[in-house]
S.K.: 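If you scroll down you'll find the structure; I have some questions about it.
Because the structure is a prediction, the values reported are computed rather than measured.
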Amino acid sequence: MAQLAELTGSIASVGYGLAAIGPGIGVGLIFGNGVQAMARQPEAAGLIRSNMFIGFALTEALALIGIVMPFVFGTGS
């Protein structure tokens with residue numbers, strides 16, 4: 001039986017690349033909708049901006065967890 005492809009190296013980099021897609025989309029949605037909300041209601045810009053940065057921090061935490069997990073669950077080889 002012929003082997004079609006061989007996977008060498010760390011599969012963790014592929015896993016992190018896939019894990020970064022969600023937070024990347026989330027950050028784009030947060031800032032896009034935040035700017036749109038500030039354009040619609042300029043008097044609420046301060047509240048919208050603070051909520052926007054809280055949402056950004058929580059979404060970015062997912063990316064940081066995604067980069068740490070391959071080191072936590074590494075194979076050790």
Side-chain angles (χ1 to χ4, degrees):
M1 181 173 204
Q3 188 174 5
L4 296 177
E6 181 179 347
L7 183 62
T8 59
S10 176
I11 193 72
S13 60
V14 175
Y16 176 66
L18 293 174
I21 293 172
I25 293 171
V27 167
L29 288 173
I30 287 169
F31 283 106
N33 290 331
V35 169
Q36 192 174 35
M38 283 188 269
R40 290 177 184 261
Q41 288 188 325
E43 67 276 1
L47 179 63
I48 294 168
R49 187 177 299 118
S50 64
N51 287 335
M52 188 172 62
F53 283 122
I54 290 171
F56 168 72
L58 294 175
T59 305
E60 194 63 27
L62 294 175
L64 293 176
I65 290 170
I67 201 169
V68 169
M69 283 301 119
F71 295 111
V72 172
F73 296 118
T75 59
S77 57

S.K.: So, for A63 and P23, which heavy atoms are closest and what is the spacing to 0.1 Å?
M.R.: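 Nearest pair, atom of A63 first, then P23: N-CG, 3.7 Å.
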S.K.: Got a sec, which hydrophobics cluster with I54, joining ILVMFWY side chains under 4.5 Å apart, including via others?
M.R.: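 Besides I54, the cluster holds L58.
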S.K.: Other members of the hydrophobic cluster containing F56, with the 4.5 Å side-chain heavy-atom rule, please.
M.R.: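 Listed partners: V27, I30, F31, M38, I48, M52, F53.
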